[in-house]
Structures are given as C-alpha cells and as structure tokens.
Participant: 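Got a structure for you, written out below as structure tokens; questions coming shortly.
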Amino acid sequence: MKTRLTLILAVLLIGGLAFAQDGAVRGDLTAADLARVVAVTAPATDFSRAENFEGRPAGAATTHFAVNADAFSHFLDNLSFEQEERFKLGNALFRKIWVSSPSSTQASDGLGPLFNARGCQSCHIKDGRGHPPFAGQVANVSMLLRLSVPGGGGDPVYGTQLQDFAVQGLKAEGRIVIDYSDLPVTLGDGTMVKLRAPHYSVADLAYGPLAADVMLSPRIASPMIGLGLVEQIPAEDILALADADDLDGDGISGRPNWAIAPETGEVMLGRFGWKAGVATVRGQSAMAFAGDLGISTPLVNHPHGDCTENQPACLAMQTGEQERLGVSEAPDPVLDLVTFYAQTLGVPERRDVDDPSVLAGKEAFYGAGCASCHAPKFVTSRDGDNPALRFQLIWPYSDFLLHDMGEGLADHRPEGEADGTEWRTPPLWGIGLTETVSGHTFFLHDGRARSLVEAILWHGGEAAAARDAFAQMSRTTRDDLVAFLESL
C-alpha cells in the first residue's frame with residue numbers, strides 16, 4: 001500500500017510543515033497539528049479490531065440516522081442552526097422542477113431548450129447513484145452520454161452531451177442504445193462470474209448523423225455525499241500520493257488532473273467527476289445546471305444550454321432570463337444555495353465496523369493492494385470557510401487521482417489531462433448503502449457492474465494485480481472483502 005504521504009509528513013514533522021511531492025507546503029498545520037495528522041492517517045496494521053474513529057467516516061460531521069432510503073439526504077451533523085436553514089433552502093432548489101419558457105412561473109422557467117433532466121434530483125435520486133436504463137426504458141435521466149471529437153470540443157451538431165429531452169416544439173437529439181454481451185470470468189476456486197460488456201450507440205437522431213470520429217462516453221450520476229469534505233482535502237495531501245512515473249515500483253502511477261475553475265479562471269486540482277475534470281463543487285453545480293438542465297447561472301451563463309450553432313431552431317427558442325430577477329435563468333442566490341446543499345450533505349456512520357467478517361475483509365482489502373488507490377483517510381484543512389468542514393478526519397477511500405484502468409473500462413475519450421483509459425478513483429464511502437438508497441446495485445462509471453464482485457473484476461491496468469488477487473481468494477475471503485465494502 002502507498003504510504004508516501006505518511007512518510008513525507010513524518011520526515012518533516014520536526015519542521016512543522018507538510019510538503020507535497022512537488023514541494024508545496026501545507027501551511028494550515030502547526031507542528032502539533034501535523035503530529036496528530038501523521039498519527040491518525042497512518043495505514044492500518046492491526047486488523048483484529050476497528051481503528052479509532054473508523055465508525056465516523058466524516059468525523060464530527062458524520063450523520064446518525066436510521067438506515068433507509070433517506071440515508072444520503074441528511075445535512076452534516078455539525079452544522080449550525082443557521083446553516084441548517086441554508087441547507088433546507090438549497091434542498092428545495094435541488095428538488096425543484098424547472099419548466100420551459102415562457103411561463104407564468106418566471107422564477108422557475110428556462111428549462112432547456114434541450115435537456116437531460118428537469119431538476120437536479122431527477123438524476124441524483126435520493127442524492128444517490130444513477131443507473132443505466134432498465135429493460136424497456138426508452139430514456140433514463142440518471143445516465144448521460146458525453147460527446148467529443150479528437151482535438152477537443154463536442155460534436156459539431158450535437159454538442160458535448162446527447163440530450164434525450166426537449167421543450168415543446170423542438171425534437172430531442174436522440175437516445176442512448178446499450179447492447180450487452182456476456183463476458184465469463186472464472187475465479188481461482190472455479191466459480192464462474194458473468195460480466196456484462198456494454199456496447200453503446202445512439203438512435204433516433206433528430207439532426208442528422210453524429211460526426212464520423214465522435215467519441216461516446218456514458219456516465220451515471222455519482223452519489224452526492226461528502227462533497228464539501230472532499231473539497232477541503234488539502235491539494236498537497238492528494239498530490240503527495242501521485243506517482244506518475246511509478247518511482248516506488250508498486251505498479252500504481254496515479255496522477256492528478258487539472259481544471260480551470262470557472263469562479264476565478266485559475267488552474268486548480270481536479271477532484272470531481274468521473275475523470276476529476278472539475279475543481280470545485282460550485283463549478284460542478286453550475287456546469288450541471290447548464291449541461292444537464294439547460295439552465296444558465298451567473299457562473300456558466302449559457303441560457304440555451306448545449307445548443308450549438310448548427311441547431312438554429314434550438315437557438316431561436318425563448319430563454320428564461322428575467323432582467324428584473326438578475327443575470328441568468330438561475331440568478332444568485334440559487335447557485336449559492338444549491339452549492340451549499342451539495343457541500344453539506346452528510347456521510348452516514350459506518351455499520352458493523354467490529355464484525356469479524358468485516359475486519360477480515362478489511363485485511364484482505366489492504367492485502368490485495370486496493371488501498372493503494374482507494375486511500376482510506378485524510379484530514380481536511382483548518383482553513384476552510386465553513387467551520388463544519390474544518391480539520392475533520394474523513395474516510396473517503398479514494399486518492400482522487402487518475403489511474404489507467406485498462407482497456408476493458410476505456411472510453412477512449414480524453415478529458416483534461418486524463419486519457420481514454422484513465423479514471424479518477426471514486427470514493428467508496430456509502431457504497432454499501434447503494435441498494436438501500438438507490439434501489440439497485442449497479443456500479444462503475446456506466447453502471448455495467450451489477451454487483452461489487454463484478455465491479456472489482458472489471459478493474460484492469462494499474463488495478464489488475466489487485467483484481468487478480470481478489471480472483472484468487474477463497475470464497476470465504478472474497479465474501480469477507482465484500483462484507484467490508486458493504487459496511488462502508
């Protein structure tokens with residue numbers, strides 16, 4: 001398992017500074033703080049019992065409610081009373097159903113003209129994980145199809161995203177078609193697992209064919225929990241885990257993606273999205289408003305959404321901009337409140353952390369090398385704007401870096417610094433509640449995996465050794481490792 005961050009911090013403990021691999025300083029820590037961080041983020045070595053604070057994956061912000069479909073929809077446990085009000089206002093806007101223009105409800109119009117969903121909650125149902133279309137579904141709003149052409153940019157006609165809905169008087173662009181084929185895998189003990197390999201195409205295209213060289217990349221909606229805490233992980237700590245040239249020889253060469261933050265125009269560390277192509281929660285929210293709903297905000301002011309210059313009928317449609325309400329279709333404080341909501345959704349407490357099977361599975365998780373990419377824990381910055389997010393020990397199980405995941409998962413579509421085989425390590429916290437919250441167990445960027453076992457077996461590239469170690473485990477050990485994941 002990678003321990004670069006811990007070693008770097010330990011070496012520099014006397015000086016009271018934390019340096020990333022590129023020499024950057026984590027300036028929010030005193031020597032006393034640093035000592036605490038080094039101690040509490042050290043990798044696990046004793047698997048006979050749970051680690052201190054392991055049951056609270058979001059530190060003092062961890063939520064404590066009954067395990068049910070609302071488990072991802074609670075605010076951080078340590079918010080102030082005033083912040084709870086902002087959270088609830090943001091929640092109302094997150095659930096808001098937008099309508100097309102013109103409308104008598106002028107504070108709610110501006111949808112589209114082309115769109116994938118009518119509200120944020122439509123994709124992130126119960127703030128959880130999306131899924132590919134179920135059998136018989138023609139369209140599904142929790143899965144998107146990204147479009148791009150070599151050299152950058154979207155399809156000349158259809159833009160950067162296939163829009164499967166449109167306002168009245170306009171045709172939807174088309175729909176995703178998925179064909180699955182079986183891919184049998186035999187495990188070390190003879191167990192047969194059938195993976196389903198997806199093949200993507202589009203149908204019912206309204207405006208002619210896609211570009212001959214267009215690249216398609218499906219994406220399901222990611223869970224919303226813990227985003228504000230992830231945003232407060234110091235970039236230095238993430239960069240300290242990067243090893244682009246695999247200098248330590250462990251076969252893992254995670255590297256950062258970089259993004260331009262729309263708030264400032266500055267280049268920042270990407271940490272959100274399936275390829276870490278977005279730097280901030282606010283930026284992610286604004287881009288989702290524009291790309292998924294066709295709603296403009298002050299940060300991304302595109303009132304016609306993803307309409308291109310080759311879609312004149314789309315550009316001729318009326319927008320929902322109201323001068324008396326402010327700039328854009330969703331003027332401030334709409335974006336501010338939705339951003340705050342996304343930043344303060346809590347992470348549920350762990351379950352069964354001391355269960356013998358869970359502990360055995362945790363040991364297997366470490367032993368297989370899974371923790372090399374799914375880094376268990378960080379301590380957030382002391383300098384965050386929101387006191388609820390400051391200096392919390394969190395357990396996201398991700399390094400937020402790009403990793404080559406092999407040809408099996410490749411979409412052959414670059415995004416920023418990410419190439420066509422690279423994906424950001426997704427956080428694992430909350431993964432065991434997927435079925436409870438979202439009503440399914442579909443995993444990976446396109447939901448092809450129908451179980452955690454299938455998700456692991458799709459790992460390739462840098463993760464091939466961990467996948468193979470899992471495949472060679474006994475049935476009992478595999479079950480223990482899954483039990484550990486289901487406890488997260």
Participant: Decide side-chain contact (heavy atoms from CB on, under 4.5 Å) for Arg478 and Leu187; before the verdict, give the C-alpha distance in whole Å, the side-chain angles of both, and the deciding distance to 0.1 Å.
Facilitator: CA-CA 11 Å; Arg478 290 199 310 271; Leu187 305 184; 3.5 Å; yes

Participant: If you measure only the distance, is there a donor-acceptor pair under 3.5 Å linking the side chains of Ser217 and Arg219?
Facilitator: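 Judged by distance alone, the side chains do pair up.
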
Participant: Heavy-atom count around Asp46 CG within 6.0 Å, excluding the residue itself: above 12?
Facilitator: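 Yes, CG of Asp46 has more than 12 neighbouring heavy atoms, counting only those of other groups under 6.0 Å.
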
Participant: Give a yes or no on whether a salt bridge exists between Asp411 and Lys275, defined as a side-chain N under 4.0 angstrom from a carboxylate O.
Facilitator: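 Answer for the salt bridge query: yes.
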
Participant: Let me see the working for Tyr366 and Glu363 under side-chain contact (heavy atoms from CB on, under 4.5 Å), right down to the final yes or no.
Facilitator: CA-CA 5 Å; Tyr366 272 73; Glu363 184 172 14; 5.9 Å; no

Participant: Taking the side chain as C-beta and beyond, is there a heavy-atom pair between Val202 and Leu210 under 4.5 Å?
Facilitator: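 They are in side-chain contact.
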
Participant: Would Arg350 count as a cation-pi partner of Trp395, with NZ or CZ less than 6.0 Å from the six-membered ring centre and within 45° of the ring normal?
Facilitator: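 Judged by the rule, Arg350 and Trp395 form no cation-pi pair.
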
Participant: Minimum heavy-atom separation for Leu162 to Asn116, with atom names?
Facilitator: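 Nearest pair, atom of Leu162 first, then Asn116: O-ND2, 2.9 Å.
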
Participant: Any ion pair linking Asp33 and Arg382 (charged N to carboxylate O, less than 4.0 Å)?
Facilitator: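 Looking at Asp33 together with Arg382, the answer is yes, because their closest N to O distance falls below 4.0 Å.
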
Participant: Can you tell which of Gln343, Glu231, Gln83, Gln232 makes a side chain to side chain donor-acceptor pair (under 3.5 Å) with Asn386?
Facilitator: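 Between Asn386 and the candidates, side chain to side chain donor-acceptor pair (under 3.5 Å) is satisfied uniquely by Gln83.
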
Participant: Verify the distance criterion only: is there a donor paired with an acceptor across the side chains of Arg129 and Ser438 at less than 3.5 Å?
Facilitator: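 No, no side-chain donor-acceptor contact under 3.5 Å.
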
Participant: For Ile220 and Leu444, which heavy atoms make the closest approach, and how far apart are they?
Facilitator: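 Closest heavy-atom pair between Ile220 and Leu444: CD1-O, 3.4 Å.
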
Participant: One pair to check against salt bridge (charged side-chain N to carboxylate O under 4.0 Å, His left out): Arg467 and Glu454. What are the steps and the verdict?
Facilitator: CA-CA 10 Å; Arg467 174 203 64 201; Glu454 288 187 22; over 6 Å; no

Participant: Between Thr62 and Asp77, what is the shortest heavy-atom contact and its length?
Facilitator: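 That closest heavy-atom pairing would be O-CB, 2.9 Å.
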
Participant: Salt-bridge test for Lys377 and Glu54: reply yes if a basic N is under 4.0 Å from a carboxylate O, no otherwise.
Facilitator: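 The answer is no: the pair does not qualify as a salt bridge.
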
Participant: Does any donor atom in the side chain of Ser181 or His199 lie under 3.5 Å from an acceptor atom in the other side chain?
Facilitator: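 Present: a donor and an acceptor within the cut-off.
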
Participant: Does atom CZ of Phe53 have more than 12 heavy-atom neighbours, drawn from other residues, nucleotides or ligands, at distances under 6.0 Å?
Facilitator: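 Count not over threshold, so no.
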
Participant: Aromatic ring centroids of Phe272 and Phe400 under 6.0 Å?
Facilitator: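 Centroid distance Phe272-Phe400: not below 6.0 Å, so no.
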
Participant: Establish, for the pair Arg196 and Tyr180, whether the NZ or CZ atom is under 6.0 angstrom from the six-membered ring centre and no further than 45 degrees off its axis.
Facilitator: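 Yes, Arg196 sits over the ring of Tyr180.
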
Participant: Using a strict 4.0 Å threshold on nitrogen-to-oxygen distance, state whether Lys362 and Glu51 make a salt bridge.
Facilitator: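 Yes, this pair counts.
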
Participant: Would a line drawn from the ring center of His445 to the ring center of Trp423 be shorter than 6.0 Å?
Facilitator: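 They qualify: ring centres under 6.0 Å apart.
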
Participant: Should the pair Phe75 and Phe87 be assigned to parallel (<30°), tilted (30 to 60°) or perpendicular (>60°) ring geometry?
Facilitator: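 Taking Phe87 first and then Phe75, their aromatic rings stand perpendicular (interplane angle over 60°).
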
Participant: So, Glu462 and Arg255, do they make that salt bridge, N to O below 4.0 Å?
Facilitator: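 A salt bridge is absent here (no side-chain N lies under 4.0 Å from a carboxylate O).
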
Participant: Hey, is Asp336 close enough to Arg282 for a salt bridge, meaning N to O under 4.0 Å?
Facilitator: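 Looking at Asp336 and Arg282, the cut-off is met.
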
Participant: At their closest point, which heavy atom of Val149 faces which heavy atom of Pro156, and how far apart are they?
Facilitator: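 Smallest heavy-atom distance, with atoms named: CG1-CD, 4.4 Å.
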
Participant: Can you confirm whether Leu183 is buried at CG, in the sense that more than 12 heavy atoms of other residues, nucleotides or ligands lie under 6.0 Å from that atom?
Facilitator: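 Above 12, so yes.
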
Participant: Is the shortest distance from a Lys or Arg side-chain nitrogen in Lys126 or Asp70 to a carboxylate oxygen in the other one below 4.0 Å?
Facilitator: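 Judged by the 4.0 Å cut-off on N to carboxylate O distance, Lys126 and Asp70 do form a salt bridge.
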
Participant: Look up atom OG1 in Thr441 and atom CZ in Arg450, then write down how far apart they are to the nearest 0.5 Å.
Facilitator: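 Between atom OG1 of Thr441 and atom CZ of Arg450 there are 9.5 Å.
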
Participant: Considering all heavy atoms of both residues, which atom of Gly408 and which atom of Arg448 are nearest to each other, and what is their separation?
Facilitator: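 Looks like O-NH1, 3.0 Å.
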
Participant: When you check the side-chain N and O atoms of His403 and Asp399, is any donor under 3.5 Å from an acceptor?
Facilitator: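 Yes, a side-chain donor-acceptor pair sits under 3.5 Å.
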
Participant: Whether Glu349 and Arg351 form a salt bridge (side-chain N of Lys/Arg under 4.0 Å from carboxylate O of Asp/Glu) is what I want to check.
Facilitator: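 Judged by the 4.0 Å cut-off on N to carboxylate O distance, Arg351 and Glu349 do not form a salt bridge.
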
